[in-house]
Every structure is written in C-alpha cells, then in structure tokens.
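Working notes, beginning with the structure itself.
Quick caveat: nothing in here was measured; it's all calculated off a predicted structure. Residue numbers begin at 1 in each chain, while the letters A, B, ... track the order of the sequences. Side-chain atoms are counted along with the backbone in the values below, which use heavy atoms only and exclude waters and symmetry mates.
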2 protein chains.
Amino acid sequence: MKKDSRLSSVLHALLHMAERGEPLTSDELALCMRTNPVVVRRTMGFLRDAGIVSSARGHAGGWAITADLKTVTLRQLHETLGEPAIFAIGNRQEMPECLVEQAVNAALDTAFAEAEALLLERFAHVTLADLAEDFARRHRLRSQ
Amino acid sequence: MKKDSRLSSVLHALLHMAERGEPLTSDELALCMRTNPVVVRRTMGFLRDAGIVSSARGHAGGWAITADLKTVTLRQLHETLGEPAIFAIGNRQEMPECLVEQAVNAALDTAFAEAEALLLERFAHVTLADLAEDFARRHRLRSQ
DNA sequence: TTTTCATGTAACTTCAATTATTACGAATCG
DNA sequence: CGATTCGTAATAATTGAAGTTACATGAAAA
C-alpha cells in the first residue's frame, strides 16, 4: 500500500506560505514540492474548506494562510484531511462470527487504539508555530 | 493503502491449530479463514522458518504448532512476518534537502516513533496463550 | 472588453503493496 | 502407483494515493 503523505505535504506548503508574506500559486507550491499543481489544489482545498487557508483566482491570486499559526495543530490538519487511516495493519475481517477471530480482533484493536490515542495526543500538542520555530532554528544553525 | 492483515490471519490460524490437536491442511485453514490455500502456505511459511509451526507433506500432513503458546508474542509474530510497515501515513520525501521539510519530518517522525514504540511494547506483552484464554472465556460466555 | 493568469473540478492513468488465483513441481504415505 | 499435501513461480485482481490531461470559471491587467 502506498503511504498517505498529504499531512506531510500540507505542512510543507503551509510553512513555505508562512515564510513568504504574499500568496503562493499552486504552480509555485507544486514546483517546490516536486508534485503536480492539481494535486496541490485538491489537497489544499480541504484546508480552504476548513478556513485554514484562502485561495484567490486571477492575477496575484494563489494560496495564503488565514489562521493563526499558534492555533493550528497537526491533529486539526489530520482531521481536516478526512482523518485518513493511520495504520497499515488491520484485521482480516471486521465483524467476524468466529469467536477465535473475535478474540484476535479484540487484542489487536486494543493495542492499536492505545497507539492511535498517543499519536493523536502528540499531534494535538504540535502547532504550525512550533514547526516554524524549529525551521528557524535549523536555518540559524546552517547559516552559522 | 490496502491494510496488511497477515498478523490477524496467522493469529486466527494459530488459535485454530492450538484448539485442534492434529495438523490442519492449508485447504482447511483457507476455508475457515475465507482465503486461498496458497496464501495460507505463503504466510505460514514465515512462521515455519521461525520454528513456530511445522509443515508436513502427503497424507495426514498439514500445519501444527511446535512452539509453547506462552512464549509466542504478537511482537515476535510481527517480526517473523518481516516487520511490515505499521503506519499508512508517511513523509512525502524521506531525505529532503529543504529545511522546511526537515522540520516537518522531524516532528512527524517523533510522534510516529513514540506511537510505534507503544504499540510494539503492547505487542510484546500479549502471548498466544493470552489469546487462547480470551477465546475460551468468550466460548464459555456464549455457551451459557 | 479582451487577454492573461489562476483556481475548480471531472475523468483518467499511473503507482505501490497486499491479496487472490492458476499452474505445476516435489515429497510423503497408503 | 496414486492420492494427498506442501512449495513456489508467475500473474491478475484490488485498493487508495498520486499524477496527468483537459477544460470551465472567475478575477485582474492591458
């Protein structure tokens, strides 16, 4: 299965947008992310619907952040993208009659639920501002 | 991404094998797991190579557990299957030059690493014997 | 107003990974 | 020998993300 990299993608795009003051076009974002402008529009469309970014057509159009960097968390972005499946491992059959399989599912479900809860809890405590700060730190380090 | 259900599959197979004393053929396992006998052989082959089960050809052949149920953990089975990818979400690019993307990857990697550690820790504390006991409990409950 | 720029979106293809299927070889037991 | 059963190669089906093509729509500049 191919991994879903949309969260990674939008984070990359958002930080570039934050760094630059003016709107970035889909083509510019696609170029810096080595992907396709249509993919950028499709993915960023979710964020627009959630009010995190704005898009404008025509001259001087493009994408810009409207939300406060300190209020946007990784968890919110994950939800905005439709809460895609986190795990690449799952049960063979979700609603089995077989008692053996019910016992197996119960054990796996418990473990995965705990891991998911931890992940989402971590996601909830990382904001765009945190990432921007970490980027600035890396930038200072390399500039020395 | 299609989810990997081999761990769930082998657990189902192992518990059925534990319940029955004599060897089960690939066709029998495939029937009870609603899959294909070739898939059973391919997946159970990993467990045979790890010494968890044995396989025998010809009449009265098939698959049987050789390991002690109390010593086989979910984590060991996960490793035996080749440690398949746990997450369906990943970085857009693994080794980026872009400092923005490095900051993004670092944040996501940290969160995923913590969740993975928790999951594997839980897996390490669940044995086949635990699952067999849970199955027996469910069986008693339904028989009442 | 016409041209140009940019998003919006549908339709389709490509890609990656698991799972399913077909086919046949090899070993074992009666 | 012959039926049974695993071993394995080769290939197709499946699933969802990502990439591509094509064109409509709207906004600003010329």
Side-chain angles (χ1 to χ4, degrees), chain A residues 1-10 12-13 17 20 22-49 53-64 66 78 81-94, chain B residues 1-10 12-13 17 22-49 52-64 66 78 81-94:
Chain A
M1 167 204 335
K2 192 180 239 177
K3 285 193 175 186
D4 183 336
S5 61
R6 287 178 299 168
L7 180 58
S8 167
S9 288
V10 300
H12 192 175
M17 289 159 60
R20 176 104 69 103
E22 55 195 2
L24 280 157
T25 67
S26 303
D27 284 64
E28 288 170 321
L29 287 173
L31 208 66
C32 104
M33 295 165 67
R34 292 183 195 160
T35 179
N36 194 289
V38 177
V39 174
V40 171
R41 285 182 207 124
R42 193 157 53 205
T43 312
M44 296 297 287
F46 288 100
L47 307 200
R48 180 193 52 230
D49 297 344
V53 302
S54 66
S55 63
R57 300 199 244 204
H59 285 270
W63 300 88
T66 53
H78 172 68
L81 292 174
E83 303 193 39
I86 290 175
F87 297 106
I89 297 179
N91 295 327
R92 205 180 49 76
Q93 197 183 346
E94 275 317 322
Chain B
M1 179 190 280
K2 191 179 239 178
K3 288 194 173 185
D4 183 336
S5 62
R6 287 177 301 166
L7 180 57
S8 166
S9 288
V10 299
H12 191 175
M17 288 158 62
E22 55 197 1
L24 279 157
T25 67
S26 303
D27 283 66
E28 287 171 322
L29 286 173
L31 208 67
C32 104
M33 296 165 65
R34 291 181 195 161
T35 179
N36 193 290
V38 177
V39 174
V40 171
R41 285 183 207 123
R42 193 158 49 208
T43 312
M44 296 297 286
F46 289 98
L47 307 200
R48 179 193 53 228
D49 296 345
I52 299 171
V53 302
S54 65
S55 63
R57 300 199 243 207
H59 286 271
W63 302 87
T66 53
H78 171 69
L81 291 173
E83 303 193 39
I86 291 176
F87 297 105
I89 296 178
N91 295 330
R92 204 180 48 76
Q93 198 183 344
E94 275 317 321

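For B:L31 and C:dT21, the CG to P distance is 13 Å, given to the nearest whole Å. Atom CG of A:L7 is separated from atom C1' of D:dA18 by 16 Å (rounded to the nearest Å). Taking atom CG of B:D4 as the reference point, atom C1' of D:dG16 lies 16 Å away to the nearest angstrom. One can place CD1 of B:I89 at 17 Å from C1' of C:dA17, the figure rounded to the nearest angstrom. Separating the CZ atom of A:F87 from the P atom of D:dT15 is a distance of 22 Å, rounded to the nearest angstrom. Look at CD on A:Q93: it is 14 Å from P on C:dT19, rounded to the nearest Å. As a whole-Å value, the separation of B:R6 CZ from C:dT19 P is 6 Å. Across the protein-nucleic acid pair, B:N91 atom CG and D:dA18 atom C1' stand 16 Å apart, rounded to whole Å.
Of all heavy-atom pairs between B:P37 and B:A30, the closest is N-CB, 3.4 Å. Heavy atoms only, all atoms of each residue included: B:P84 and B:D4 are closest at CB-OD2, 3.3 Å. Here the closest non-hydrogen pair linking A:G61 and A:P23 is O-CB, 3.8 Å.
Within 4.0 Å (heavy atoms only), A:R92 reaches no atom of the nucleic acid at all.
Take A:S9 and apply the side-chain hydrogen bond (donor to acceptor under 3.5 Å, both in side chains) test, not counting sequence neighbours, and it matches no residue. With sequence neighbours excluded, no residue forms a salt bridge (Lys or Arg N to Asp or Glu O under 4.0 Å) with B:E83. Residues satisfying the side chain to side chain contact (heavy atoms under 4.5 Å, CB included) criterion with A:T25, sequence neighbours excluded, are A:D27, A:E28. Under the rule for a side-chain hydrogen bond (donor to acceptor under 3.5 Å, both in side chains), the partners of A:R41 that lie at least two apart in sequence or sit in another chain are A:S26.
You'll find the side chain of A:T35 stays beyond 4.5 Å of the side chain of B:R92, heavy atoms only.
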Please list, one pair per line, the donor and acceptor atoms closer than 3.5 Å that link side chains of residues 53-60 of chain B to other protein atoms, with sequence neighbours excluded.
residue : atom : partner : partner atom : Å
B:S55   : OG   : B:R48   : NH1          : 3.4

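The side chain of A:S55 contributes no N or O atom lying less than 4.0 Å from OP1 or OP2 of C:dA6. Between A:N36 and D:dA18, a side-chain N or O to OP1/OP2 separation shorter than 4.0 Å is absent. Remark: B:T35 is in phosphate contact with C:dA20, judged by side-chain N or O atoms under 4.0 Å from OP1 or OP2.
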Give me the distances for all protein-to-nucleotides 10-15 of chain C N/O pairs that come in under 3.5 Å?
none

Under 3.5 Å, N/O pairs linking protein and nucleotides 3-5 of chain D:
residue : atom : partner : partner atom : Å
D:dA3   : N3   : B:H59   : NE2          : 3.3
D:dT4   : O4'  : B:H59   : NE2          : 3.4
D:dT5   : O4'  : B:G58   : O            : 3.4

